[in-house]
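These values consider heavy atoms only, across backbone and side chains, with no hydrogens, waters or symmetry-generated copies. Since the model is a prediction, treat every value here as computed from it, not as a measurement.
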Amino acid sequence: MMDKDKKIVVIGGGHGTSVVLKSLSDSVAELTGVLSMADDGGSTGRLRNDLGVSAVGDIRQCLTTLSARPEIAELFSYRFDSGGLKGHSLGNLILAAEELQENDLEKGINKARKILGVKADIIPSTNDKCGLILELAGEKTAGVYKIANVDFKDSKPNLSLQPVAKLSESARAAINEADFILIAPGNFYCSIIPALLVEGMTEAINATQAKVIFISNLVNRRGHTGGFRATDYIDETRRIAGELKPDALIYNTAKIAEDCLREGEEPVGQPDKKTDYLLIAADISDTEKVAAPGNDEIAAVRSLVRHNGRKLAEVLEQAMENL
């Protein structure tokens, strides 16, 4: 059994991070999600542009996934499908309103946590309002939403946060006190990398005594990570965000059904080289295809296959006992 007193921090953003947090929420007493704040797509992007608030979409996703009050979580997740609010989820609007009311995003998150009955801490990786910048073949592209649709054509992208974003003090404290740090799966260049690009992030991770576990994606995206093996995700993280020193990499070995792959997707390749970290092979994929909501334009391009929370929790428990 996993030691409930262990402090676990999950770093990432969006659906992949919410799956990891949910998989551990019943077995870990002190659980923290540290989320990317660079998102600018969909409802989140509109709220950032219109109100000057922080990126709240990934925060809302994690809060509703972890909620002990399903009826309230369902209300937070409600997405308007007509009128001036079309595309907005109620939870995003509430989080934006709470940030404006409190003039402090973290206070707003904690109010939402209480409403939703969420035990885990959800923390922004930075309190600075930043955007993701891509430099590729002499051209710059600004914004996660636009970058997600750029074909890198097998070139190595250069990514940065502008303006410079510093690690939030609450995120630094959580990382410093952690027993285990998990790098979650997700949209690699547009969700995971922005969380790790925050100034001071990789330094804080490497300075802690925590064991660091990287959880590989299940599928590669053509134009971004096409042809990647699981170890390539760590190699690219090190190239872009700094010399991250993971203790282990968990990757999927189960076959992914063809109908769970969107056009241009492929299963992540198996490692084929020696590494300076432990390789953990396991069946961690779900077998059911994810249904995308019709009124969420971002969800309509997300992968149709997810990590299985129960399987992932079992693998993580064993890894934490052995590291």
Side-chain angles (χ1 to χ4, degrees), residues 10-23 33 35-36 38-39 58 61-62 132 144 147-152 154 156-157 159 181-197 212-241 244 246 248-258 260-273 275 277 279-290 292 298-299 301-309 311-313 315-316 319:
V10 182
I11 299 174
H15 282 73
T17 301
S18 68
V19 169
V20 177
L21 288 167
K22 180 65 174 176
S23 74
L35 303 185
S36 167
D39 189 18
D58 288 350
Q61 174 64 41
C62 288
L132 187 65
V144 164
I147 293 169
N149 293 291
V150 173
D151 187 341
F152 297 166
D154 297 323
K156 296 290 188 182
L159 294 162
I181 296 171
L182 312 180
I183 310 300
N187 186 316
F188 180 64
Y189 288 114
C190 296
S191 184
I192 306 307
I193 287 295
L196 296 172
L197 274 173
V212 179
I213 302 174
F214 198 110
I215 304 169
S216 174
N217 282 352
L218 300 173
V219 298
N220 294 324
R221 289 186 58 205
R222 185 170 62 195
H224 277 209
T225 55
F228 269 32
R229 296 181 183 274
T231 47
D232 291 327
Y233 283 91
I234 292 180
D235 292 345
E236 272 293 88
T237 297
R238 288 171 164 172
R239 183 184 69 83
I240 297 171
L244 185 71
L249 167 67
I250 296 174
Y251 64 95
N252 180 57
T253 56
K255 182 177 175 59
I256 296 174
E258 288 293 330
C260 288
L261 295 173
R262 288 191 183 278
E263 184 179 356
E265 287 185 341
E266 64 184 11
V268 171
Q270 305 293 298
D272 65 346
K273 65 180 183 179
T275 62
Y277 45 85
L279 293 173
I280 301 175
D283 172 1
I284 51 174
S285 66
D286 227 336
T287 56
E288 295 184 8
K289 184 164 63 174
V290 177
I298 304 299
V301 296
R302 290 194 187 104
S303 176
L304 298 174
V305 62
R306 299 264 173 87
H307 289 75
N308 181 284
K311 294 177 182 178
L312 184 58
V315 175
L316 284 169

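- A pairwise comparison of heavy atoms in Ala319 and Ile280 identifies CB-CD1, 3.7 Å as the closest pair.
- For the pair Ala195 and Ile11, the tightest heavy-atom approach, listed with the atom from each and the gap, is CB-CG2, 4.0 Å.
- His224 places a side-chain N or O within 3.5 Å of a backbone atom of Val150 that can act as its donor or acceptor partner.
- Taking CD1 of Ile193 as the start and CZ of Arg239 as the end, the distance is 8.5 Å to the nearest 0.5 Å.
- With sequence neighbours excluded, the residues satisfying side chain to side chain donor-acceptor pair (under 3.5 Å) with Thr225 are Tyr233.
- Shown here is Lys273, whose NZ atom has more than 12 heavy atoms of other residues, nucleotides or ligands within 6.0 Å.
- Residues Arg229 and Gln270 share a closest heavy-atom pair of NH1-O, 2.6 Å.
- Although no hydrogens or angles enter the test, the distance criterion places a donor-acceptor pair under 3.5 Å between the side chain of Asn252 and the main chain of Ile284.
- Ring orientation note: the planes of Tyr189 and Phe228 are nearly perpendicular, at an angle over 60° on the 30°/60° scale.
- Residues forming a side-chain contact (heavy atoms from CB on, under 4.5 Å) with Ala230 (at least two apart in sequence, or on another chain): Ser216, Leu249, Tyr251, Val268, Pro271.
- Of all the heavy atoms in Ala184 and Ile192, the pair that sits closest is O-CD1, 3.2 Å.
- Between Ile183 and Pro246, the closest side-chain pair of non-hydrogen atoms is not below 4.5 Å.
- Nearest heavy atoms, Ile256 versus Leu218: CD1-O, 3.6 Å.
- Of all heavy-atom pairs between Asp58 and Ser36, the closest is OD2-O, 4.3 Å.
- Checked by atom type and distance alone, the side chain of Glu266 pairs as donor or acceptor with a backbone atom of Gly227 at under 3.5 Å.
- Side chain of Arg221 to main chain of Ala148: a donor-acceptor pair is present (N/O by atom type, distance under 3.5 Å, no hydrogens or angles).
- Using modelled atom types, one side-chain atom of Lys311 and one backbone atom of Ser285 make a donor-acceptor pair closer than 3.5 Å.
- With contacts defined as side-chain heavy-atom distances shorter than 4.5 Å, the pair Leu132/Leu159 qualifies.
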